[in-house]
2 protein chains.
Amino acid sequence: MGWKMAHDDQGCPGCEAPDLAFSRHDHGHCQADALGRAEVLIAARGLRMTPVRQRVLEILLETHRAVGAYVVLDRLAAEGFGNQPPVVYRALDFLEEQGLAHRIRRLNAFTACMHPGEAHAPSFLICRSCDLVAEAPAKAVRGALEAVALMVGFTVEGSNIEAMGQCADCRGRAA
Amino acid sequence: MGWKMAHDDQGCPGCEAPDLAFSRHDHGHCQADALGRAEVLIAARGLRMTPVRQRVLEILLETHRAVGAYVVLDRLAAEGFGNQPPVVYRALDFLEEQGLAHRIRRLNAFTACMHPGEAHAPSFLICRSCDLVAEAPAKAVRGALEAVALMVGFTVEGSNIEAMGQCADCRGRAA
DNA sequence: GGTATAGTTGTAATAGTATAACATGGTCAA
DNA sequence: TTGACCATGTTATACTATTACAACTATACC
Ligand SMILES: [Zn+2]
Ligand SMILES: [Zn+2]
Ligand SMILES: [Zn+2]
Ligand SMILES: [Zn+2]
């Protein structure tokens, strides 16, 4: 298993370094790792990684930025897939349900999950200058949110936690 | 100052009880209090609480649910205000900038701030059954988020923290 | 192989959300 | 009263998302 070996041998940059999106890194590793893990996961769940779904995931994995549904759709259409919104929204919904992609509500856009498979309710750091989106560990944040909810008897079933701001590089460049 | 007296005399339900939206309460107090505080705040900042802005705020204050921009717009239009989207979006943007309303990104809708004036980056608990939205204290949550961001040198300038789930009442009713 | 079944994709039509650009009109201070 | 500034009205358009239905494909069972 190539992807697993690479992952174990040197650690998974995407998983271990939440700031990866903001720094120079071997993005080919991010892509190959996430794609490989996605395929294994989907198969293990008895589901099908169809051409459309795979292609959408690949497109999202090309960048650490969030991508709008219609940008993905244009890409799909140019490659001979359907060119109507449901084609891409269905694939995106599937990927999101399977934890392979996330919806960034602040941007009305989607981003590939950089560490699929691990149960997580992630948080996102969005740089307003370079538009990069980093998926950050949200265990503590999510815990705090659930604690607040618990106080009033509210059951948290899902959450979206997004921070807009500026990454270290962009702040340095501005100063 | 009526609003302030009422607020001080018996405490402000909206400010002190994050679950207020989910329980029976004197909603007239929420409305009067928030509206009064809003007017004082805006005046203190040298800004103008115009008829459109005031009316939009009043409409948002009618309920603890989030209200879509076009619902507000229809109300405005029926009352003789302009009937084009910018009319309502400008008012909503103004109210949000002044901390008098919040955008619930998960719902593409807006809700009045129930404790304007206090510096806050709130979190929201959204009940999927009754659609009520409670503004919960997010100091701890926001702190956790900023801690994560700090680790990677990211500066948080704004955040949206929303939890979808079920309130105590609705959960009880379902069981 | 045939055939029922469920799941996936394609397509048309429509609904819902938001902004750009420009014109008009009110407010307030020199 | 003039000018600067802000707010509102209006037109047009862009962007995001869903409903409904038709066609196709893999699969499982006979
Ligand atoms: Zn990873
Ligand atoms: Zn940046
Ligand atoms: Zn209050
Ligand atoms: Zn409820």
Side-chain angles (χ1 to χ4, degrees), chain A residues 38-39 42-43 45-60 65-98 100-111 131 160 162 164, chain B residues 38-39 42-43 45-60 65-98 100-111 131 160 162 164:
Chain A
E39 280 167 10
I42 293 304
R45 290 173 188 162
L47 302 172
R48 284 152 54 190
M49 181 61 96
T50 63
V52 198
R53 292 168 178 173
Q54 164 130 5
R55 196 68 195 103
V56 169
L57 181 54
E58 286 171 359
I59 290 170
L60 292 184
R65 292 183 172 81
V67 184
Y70 281 74
V71 172
V72 177
L73 179 56
D74 288 347
R75 297 280 302 274
L76 290 180
E79 294 171 15
F81 293 96
N83 67 337
Q84 299 302 315
V87 172
V88 67
Y89 278 104
R90 280 191 291 235
L92 288 169
D93 288 349
F94 172 86
L95 293 173
E96 192 178 19
E97 279 162 16
Q98 299 308 317
L100 303 176
H102 299 292
R103 182 188 289 245
I104 309 297
R105 304 207 96 104
R106 190 135 183 162
L107 302 177
N108 289 325
F110 301 81
T111 190
D131 295 324
N160 54 298
E162 303 166 6
M164 180 65 76
Chain B
E39 280 166 11
I42 293 304
R45 291 174 187 162
L47 302 171
R48 286 151 55 189
M49 182 59 98
T50 63
V52 199
R53 291 168 179 174
Q54 165 130 4
R55 195 70 195 101
V56 170
L57 181 54
E58 286 170 0
I59 290 169
L60 293 184
R65 292 181 173 82
V67 184
Y70 281 74
V71 172
V72 177
L73 179 56
D74 288 347
R75 298 280 303 273
L76 290 180
E79 295 172 14
F81 293 96
N83 67 337
Q84 298 303 314
V87 171
V88 68
Y89 279 103
R90 281 191 290 234
L92 289 169
D93 289 348
F94 173 85
L95 293 173
E96 192 178 18
E97 279 163 17
Q98 298 308 316
L100 303 176
H102 299 291
R103 181 188 290 245
I104 309 296
R105 304 208 94 105
R106 193 135 181 162
L107 304 176
N108 288 325
F110 301 80
T111 190
D131 294 325
N160 53 298
E162 303 166 6
M164 180 65 77

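A note on names: the letters A, B, ... follow the listed sequences, proteins ahead of strands, and every chain is numbered from 1.
For B:Y89, the listed nucleotide lying nearest its side chain is C:dT17; candidates were D:dA7, C:dT17, C:dG10. Listed candidates were C:dG7, C:dA18, D:dG9. Nearest to the side chain of B:R103 is C:dA18. The B:T50 side chain lies nearest to D:dT8 when the options are D:dT10, D:dT8, C:dG10. Here the nucleotide nearest the side chain of A:F110, chosen from D:dA17, D:dT8, D:dT10, is D:dA17. Minimum atom distance to the side chain of A:R90 is reached by C:dT9, of the listed C:dT19, C:dT9, C:dA18. When each of D:dA17, C:dG10, D:dT10 is scored by its nearest atom to the side-chain atoms of A:F81, the top-ranked nucleotide is C:dG10.
In terms of heavy-atom proximity, A:G82 sits nearest to A:V87 at CA-CG2, 4.0 Å. Heavy atoms only, all atoms of each residue included: A:R103 and A:D93 are closest at NH2-OD1, 4.1 Å. Residues B:A101 and B:L60 approach most closely at CB-CD1, 3.8 Å, considering heavy atoms.
For the pair A:E162 (side chain) and A:R105 (backbone), a donor-acceptor distance under 3.5 Å is present.
A stacking contact links B:Y70 to C:dT17: the aromatic ring centre lies within less than 5.5 Å of the base's six-membered ring centre, and the planes differ by less than 30°.
Among the protein residues, A:R105 comes within range of no part of the nucleic acid, since none of its heavy atoms lies under 4.0 Å from any strand.
Here C:dA18 presents its P atom at 10 Å from CD of B:E96, a figure rounded to the nearest Å. The distance between atom CZ of A:R48 and atom P of D:dT25, rounded to the nearest whole Å, is 12 Å. Look at CG on B:N108: it is 15 Å from C1' on C:dT19, rounded to the nearest Å. In this structure, A:M49 atom CE and D:dT25 atom P are separated by 21 Å, rounded to whole Å. Rounded to an integer number of Å, the gap from CG of A:D74 to P of D:dA14 is 14 Å. Between the P atom of C:dA23 and the CD atom of B:Q84 lies a distance of 17 Å, rounded to the nearest Å. Distance CG (B:L107) to P (C:dT17): 10 Å, rounded to an integer number of Å. Taking atom CZ of B:R55 as the reference point, atom C1' of D:dT8 lies 17 Å away to the nearest angstrom.
For the helix from C:dG1-D:dC30 to C:dA30-D:dT1, the end axes, each set by the C1' atoms of five terminal pairs, are bent relative to each other by 20° (nearest 10°).
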Practice item. Go through the steps for A:T50 and A:F94 under the test side chain to side chain contact (heavy atoms under 4.5 Å, CB included), then give the verdict. Key: CA-CA 11 Å; A:T50 63; A:F94 172 86; over 6 Å; no
**Study point:** Step-by-step side chain to side chain contact (heavy atoms under 4.5 Å, CB included) determination, B:L100 to B:M49
**Key:** CA-CA 11 Å; B:L100 303 176; B:M49 182 59 98; 4.2 Å; yes
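A:F81 pairs with exactly one of A:L73, A:V56, A:L76 by the side-chain contact (heavy atoms from CB on, under 4.5 Å) rule, that one being A:L76.
Each of B:P86 and A:A69 was assigned the nucleotide of DNA chain D with the nearest heavy atom; the assignment lying further toward the 5' end belongs to B:P86.
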